Number of protein chains: 2
Amino acid sequence: MAEVPVEMSLRHGLLGLLAEAPASGYDLTRRFAEVLGPVWPARHPQIYAELTRLADEGLIEVASRGPRGRTAYRITDAGLAEVRRWLAHTETDHTLRVEGVLRSVFFWLMSPQQLQRHLQREVAFYTEMAARYRRLAEAEDRGEYGDEPPVRSLRLAVEAGIRLYETLADWARWAATRPITAPASTAAPATSADPTEPAAGTGAE
Amino acid sequence: MAEVPVEMSLRHGLLGLLAEAPASGYDLTRRFAEVLGPVWPARHPQIYAELTRLADEGLIEVASRGPRGRTAYRITDAGLAEVRRWLAHTETDHTLRVEGVLRSVFFWLMSPQQLQRHLQREVAFYTEMAARYRRLAEAEDRGEYGDEPPVRSLRLAVEAGIRLYETLADWARWAATRPITAPASTAAPATSADPTEPAAGTGAE
DNA sequence: TTACACATGTAACACGTTACATGATTTT
DNA sequence: AAAATCATGTAACGTGTTACATGTGTAA
């Protein structure tokens with residue numbers, strides 16, 4: 001209680017999910033993995049630890065105990081107030097941390113062949129993710145999950161997923177058309193003895 | 001040398017920057033803050049610690065010592081090989097971690113007023129960041145930094161910045177038009193007595 | 001009866017931030 | 001002479017991952 005206010009997204013993510021309905025650490029781990037994974041990953045040890053802390057602080061409480069040690073938690077009034085405080089009265093941390101973009105700063109260290117291969121894989125990945133979120137959005141739009149406020153909120157996050165991954169796919173496609181190491185006339189020349197490529201097999205993969 | 005291969009973006013980010021030219025911890029801290037900050041933040045204690053480790057492992061070496069204890073490092077052949085290995089032969093970590101999107105999952109816990117206010121601020125922030133990157137891109141396109149491969153690479157990262165922030169700005173604007181808590185007819189009705197708004201001050205902050 | 005999904009946890013370590021600390025050179 | 005900037009570092013802590021460990025209930 002005499003603690004300084006801390007910012008920490010996982011804790012508020014858990015509180016937010018529990019604001020919808022009681023859930024166990026196991027449930028929450030799955031929701032994080034399935035829905036929030038790409039936006040906010042969290043493994044079970046971290047989740048269980050945080051739940052213990054939240055309970056100690058009175059922001060959540062045990063709702064029920066089930067079969068194999070299953071412990072479901074319910075959010076308390078204090079917990080609800082805390083998520084709301086976080087949402088409405090704290091600054092969003094705007095750090096992005098996109099490794100795919102960080103790597104692009106160093107593309108000049110790759111051979112044109114390696115770069116094309118890399119960007120193709122990136123495009124494939126981002127496209128697939130965009131499609132996955134698009135399917136989710138369509139299911140939601142078909143009303144498969146109802147249209148309660150929590151579902152409408154989730155729809156927004158899903159839309160962000162679609163748009164972000166589409167943007168990254170477009171970006172990677174565009175990047176593939178830009179000459180980096182070669183002074184270049186138009187696009188990739190495909191063949192060239194390249195000193196950046198190690199002689200023999202790359203080993204793994 | 002008998003170490004297991006580790007993945008870790010900061011270390012490769014540093015190696016990548018040093019592949020361009022020798023630099024000190026101070027220089028690298030500034031480059032991370034100025035250019036890579038929004039994509040990959042790193043504070044000086046982490047950078048100095050990592051530089052020490054990289055030097056121990058022979059991936060970089062002291063290039064020169066300057067005025068007030070300044071120590072510039074240069075990448076070694078082993079270091080160059082390591083960045084290249086990372087770029088061409090390791091999987092990109094595709095985790096996004098965007099707090100602004102995580103928060104959207106819980107928008108239903110905010111009053112319409114709070115939500116509009118929040119989204120307005122988000123739009124403002126993302127728009128400003130997009131503009132900042134756009135200015136950088138324009139300077140690069142004007143040739144102000146030359147057109148060497150490292151600059152061309154950086155141009156790609158800058159483009160990603162523009163596109164990602166624009167996407168987020170658009171998304172936030174779109175989100176503001178979607179009814180969450182109200183069953184709604186068209187757009188935001190602006191006034192409504194809302195039980196989600198706590199009566200008095202929320203306390204701290 | 002065997003395997004699988006459910007369910008929770010600990011320990012060790014890797015990564016990252018904040019606060020503190022120190023001192024040198026340069027600019028005003 | 002003071003302030004700003006350069007330049008590096010330590011210590012403590014917060015956050016996040018991996019590997020290990022353990023046991024229960026259900027379905028094949």
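Residue numbers start from 1 in every chain, and the chains themselves are labelled A, B, ... in the order their sequence lines are given, proteins ahead of strands. Computed from a predicted structure; not experimentally measured.
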Aromatic ring proximity Phe32(A)/His44(A), centre distance under 6.0 Å: no
Once you measure the plane-to-plane angle for His94(A) and Tyr126(B), does it fall in the parallel (<30°), tilted (30-60°) or perpendicular (>60°) bin? perpendicular
May I ask you to decide if the ring planes of His118(B) and Phe107(B) are parallel, tilted or perpendicular, using 30° and 60° as cut-offs? perpendicular
With a 4.0 Å cut-off on heavy atoms, is Arg65(B) in touch with a base, just the backbone sugar-phosphate, or nothing at all? nothing
What does Thr29(B) touch in the nucleic acid at a heavy-atom separation under 4.0 angstrom: a base, only the sugar-phosphate, or nothing? nothing
Nearest whole angstrom, please: distance from the [atom2] of [N] to the [atom1] of [X].
X	N	atom1	atom2	value
Leu14(B)	dC15(C)	CG	C1'	13 Å
Ile47(A)	dA7(C)	CD1	C1'	13 Å
Met8(B)	dG16(D)	CE	P	16 Å
Glu50(B)	dT17(C)	CD	P	13 Å
Asp93(A)	dG16(C)	CG	P	14 Å
Arg53(A)	dT15(D)	CZ	P	7 Å
Tyr73(B)	dG9(D)	OH	C1'	11 Å
Glu99(A)	dC15(C)	CD	P	12 Å

side-chain hydrogen bond (donor to acceptor under 3.5 Å, both in side chains) partners of Arg68(B), counting only residues at least two apart: none
Distance test, side-chain N/O of [X] to OP1/OP2 of [N], below 4.0 Å:
X	N	value
Ser24(A)	dT8(C)	yes
Tyr26(A)	dT8(C)	no
Gln46(B)	dT17(C)	yes
Tyr48(B)	dG9(D)	no
Arg68(B)	dT5(D)	no

With DNA chain D as reference, determine whether Arg70(B) or Pro45(A) sits nearer its 5' end, using the nearest nucleotide of each. Arg70(B)
Ala42(A) or Arg30(B), whichever maps to the more 5' nucleotide of DNA chain D: Arg30(B)
Six-ring centre of Trp86(B), Arg11(B) cation under 6.0 angstrom, axis tolerance 45°: no
Hey, which of these two, His44(A) or His44(B), hits DNA chain C nearer its 5' end, going by closest nucleotide? His44(A)
Quick one: which of dT8(C), dT17(D), dG16(C) gets closest to the side chain of Leu10(B)? dG16(C)
If you check the Arg43(B) side chain, which of dT18(C), dG25(D), dT17(D) turns out closest? dT18(C)
